[in-house]
Peer 1: 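Please find one structure pasted underneath; my questions will follow.
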There are 2 protein chains.
Amino acid sequence: MTFERVRPVRAYERVVEQIEEHVLRGQLKPGDRLPSERTLMEQFGVSRSTIREALRVLESNGLVRSRHGDPGGPEILPFSPTTLHKSVTRLVRTDQVGLGELVQFRMLLDGSANLLAAKLATDAEIAEMDIALARMESTIGDGYVQFSQADLEFHDAVARASRSTLIQVCSDVVRGVVLSLITQKIADSPDQQALMRKSLSHHAEVLEAVRDRDGERAARLARQALYAYYAEYVSDAEQPLLEALLEDDAPPPPSFAT
Amino acid sequence: MTFERVRPVRAYERVVEQIEEHVLRGQLKPGDRLPSERTLMEQFGVSRSTIREALRVLESNGLVRSRHGDPGGPEILPFSPTTLHKSVTRLVRTDQVGLGELVQFRMLLDGSANLLAAKLATDAEIAEMDIALARMESTIGDGYVQFSQADLEFHDAVARASRSTLIQVCSDVVRGVVLSLITQKIADSPDQQALMRKSLSHHAEVLEAVRDRDGERAARLARQALYAYYAEYVSDAEQPLLEALLEDDAPPPPSFAT
DNA sequence: GACTATTTGTCCGTATGTATT
DNA sequence: GAATACATACGGACAAATAGT
């Protein structure tokens with residue numbers, strides 16, 4: 001017979017648990033209001049400070065927002081990936097996760113998104129990708145910031161067409177963190193124009209594969225495009241992480257001289 | 001001239017920012033202790049309640065831990081992906097993602113994990129998978145719970161071998177949610193034994209592919225294994241989501257009669 | 001093992017500024 | 001503009017837990 005170590009449970013934690021459960025179960029929907037702090041303190045039978053500590057935690061987790069003096073009480077927020085973003089950013093800043101792993105994960109997500117998009121996208125969704133691609137082309141002269149924005153829209157359109165919320169959100173978060181890490185380096189690059197043109201042609205190839213409903217090709221091209229764009233910023237030690245996602249993709253042409 | 005809307009900054013947020021910065025910059029290392037709450041309240045020039053709210057937030061973000069009565073003061077924690085885990089958990093629990101999408105995402109993650117494991121795993125890591133597989137076999141008679149535990153260890157070993165923290169965390173979370181949704185249905189199934197034996201042989205095939213360093217095959221088999229195991233619990237409407245990840249995997253044998 | 005000093009967990013009261021009606 | 005309800009922040013208090021003597 002073994003006993004588990006008991007962790008002392010503090011009052012504010014119980015409050016957090018209960019409110020969090022209500023929100024996650026959908027019994028409290030975004031836009032709904034929590035009772036005022038004074039009411040909450042009666043309902044939970046705890047002091048004001050305890051309620052406040054609980055609210056601060058919920059607030060930091062992006063579940064509620066309380067505004068100074070709002071008679072409505074704390075507001076239930078819609079889900080937003082900001083906390084995800086913060087978590088990943090922390091992992092990166094503490095060197096738990098390197099740029100290489102981030103790019104690798106992006107290759108996975110974007111490849112999968114394209115695979116699914118090729119199979120599931122409607123004509124309207126493909127049209128959206130067309131528009132985004134056209135915008136990329138037209139912004140090449142306007143500078144990297146505009147181009148990057150259009151590029152973002154393209155990937156977003158693909159992610160939406162994949163029909164997967166998880167892929168959409170994860171892609172969004174990872175892309176944001178990657179860009180925050182290297183956007184400066186690209187902006188400093190002397191041959192931005194060349195980079196953008198290369199990126200544009202890669203995207204065009206991917207879209208063509210999606211249009212042909214060739215998921216495997218779209219996925220492979222998408223991975224290669226990301227590799228071509230980001231690999232030079234990844235340390236040598238992490239290169240194998242990226243290459244592992246490419247090797248089998250482009251099998252060498254059969255050698256006739258064995 | 002345009003002015004931005006000013007978000008009122010609360011006292012505890014400033015405290016959180018400062019401490020967080022110190023931790024993330026490495027000026028405070030894991031194991032170090034923060035000053036006591038009373039000292040902090042002098043240093044920051046705020047009341048104790050404010051300090052406490054800040055500490056609760058930092059605690060919920062996994063950066064510090066304060067124990068009741070510890071004269072050493074709050075302790076700086078080593079970095080762990082627990083907050084990422086929490087965020088992803090909320091994501092999959094909130095946004096009404098269906099079982100189909102969850103299984104689909106698991107197929108993506110587990111497929112990728114096996115692909116990477118096949119290329120990167122050390123012999124020791126493959127040995128761990130061997131052990132987990134053996135445990136699966138030996139627990140087949142002990143019931144579904146034990147088997148599921150061993151199965152979990154197998155997938156965990158694969159995820160570890162993929163060298164990707166992001167894959168590990170996401171896999172862990174998604175797997176947990178999927179299991180919580182259908183574990184009951186499987187437990188009620190009359191032919192558990194048959195299910196387990198089938199699952200076992202699938203896993204053995206995957207491991208063999210990993211051992212052969214054939215990443216593509218390992219990934220394909222892993223996706224197929226998950227599909228075979230979970231597809232029947234997914235609604236008809238969501239079936240295409242899963243099939244989209246299989247179709248091209250096993251191209252039909254060339255038909256000689258066209 | 002018991003005692004003591006320190007610290008955290010929790011509570012209460014109060015003053016101040018804010019958002020809504 | 002005034003009244004009301006509310007959140008923010010402060011300060012003081014006591015109990016419970018911890019670590020060292």
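The basis for the numbers below is simple: all heavy atoms, side chains too, and nothing from hydrogens, waters or symmetry mates. Naming convention: chains lettered A, B, ... in sequence-line order (proteins, then strands); numbering from 1 in each chain.
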Peer 1: If you compare every side-chain N and O of A/Thr50 against the phosphate oxygens of C/dC11 (OP1, OP2), does one of them come in below 4.0 Å?
Peer 2: yes
Peer 1: With a 3.5 Å cut-off and just heavy-atom distances, do the side chain of B/His68 and the base of D/dA17 make a donor-acceptor pair?
Peer 2: no
Peer 1: Could you work out which one of D/dT8, C/dC12, D/dG11 sits closest to the side chain of A/Ser49?
Peer 2: C/dC12
Peer 1: Is there side-chain contact between A/Ser66 and B/Arg10, with at least one heavy-atom pair below 4.5 Å?
Peer 2: yes
Peer 1: Whether B/Arg52 contacts C/dG9 is assessed here as follows: a side-chain N or O lying under 4.0 Å from the phosphate OP1 or OP2. Is that the case?
Peer 2: yes
Peer 1: In whole Å, I'd like the distance from the CG atom of B/Leu55 to the C1' atom of C/dT10.
Peer 2: 15 Å
Peer 1: In whole angstrom, give the distance that lies between atom CD of A/Glu37 and atom P of D/dA9.
Peer 2: 11 Å
Peer 1: Atom CD of A/Glu42 to atom P of D/dA5: distance rounded to whole Å?
Peer 2: 14 Å
Peer 1: Look at the side chain of B/Ser66 and decide which nucleotide, out of C/dG9, D/dC10, D/dT8, has an atom nearest to it.
Peer 2: C/dG9
Peer 1: Looking at B/Arg67, I'd like to know whether one of its side-chain N or O atoms comes within less than 4.0 Å of OP1 or OP2 on C/dT8.
Peer 2: no
Peer 1: B/Tyr12 has an atom OH; how far is it from atom C1' of D/dA7, in whole Å?
Peer 2: 12 Å
Peer 1: Indicate, with a heavy-atom threshold strictly under 4.0 Å, whether A/Pro8 touches base, sugar-phosphate, or nothing.
Peer 2: nothing
Peer 1: Between C1' on C/dT6 and CG on B/Asp70, what's the gap in Å once rounded to a whole number?
Peer 2: 10 Å
Peer 1: 5'-most contact on DNA chain D: A/Pro71 or B/Ala11, nearest heavy atom basis?
Peer 2: A/Pro71
Peer 1: First locate atom CG of A/Leu34, then atom CG of A/Leu63, and finally report the distance between them rounded to the nearest 0.5 Å.
Peer 2: 10.5 Å
Peer 1: Whole-Å distance between C/dT10 C1' and B/Arg56 CZ?
Peer 2: 11 Å
Peer 1: Can you see which heavy atom on B/Ala161 is nearest to which on B/Ala121, and at what distance?
Peer 2: CB-CB, 3.9 Å
Peer 1: Output the rounded distance in Å from CD1 (B/Ile51) to C1' (D/dG12).
Peer 2: 17 Å
Peer 1: Measure from the side chain of B/Arg38, starting at C-beta and using heavy atoms only, and say which of D/dA7, C/dC11, D/dC14 lies closest.
Peer 2: D/dC14
Peer 1: With side chains defined as the heavy atoms from C-beta onward, is the minimum distance between A/Thr39 and A/Phe44 less than 4.5 Å?
Peer 2: no
Peer 1: Please report, rounded to the nearest Å, how far the C1' atom of D/dA7 is from the CZ atom of A/Arg65.
Peer 2: 14 Å
Peer 1: Salt bridge (Lys or Arg N to Asp or Glu O under 4.0 Å) between B/Glu101 and A/Arg163: does it pass, once the steps are laid out?
Peer 2: CA-CA 9 Å; B/Glu101 187 180 325; A/Arg163 299 276 193 286; over 6 Å; no
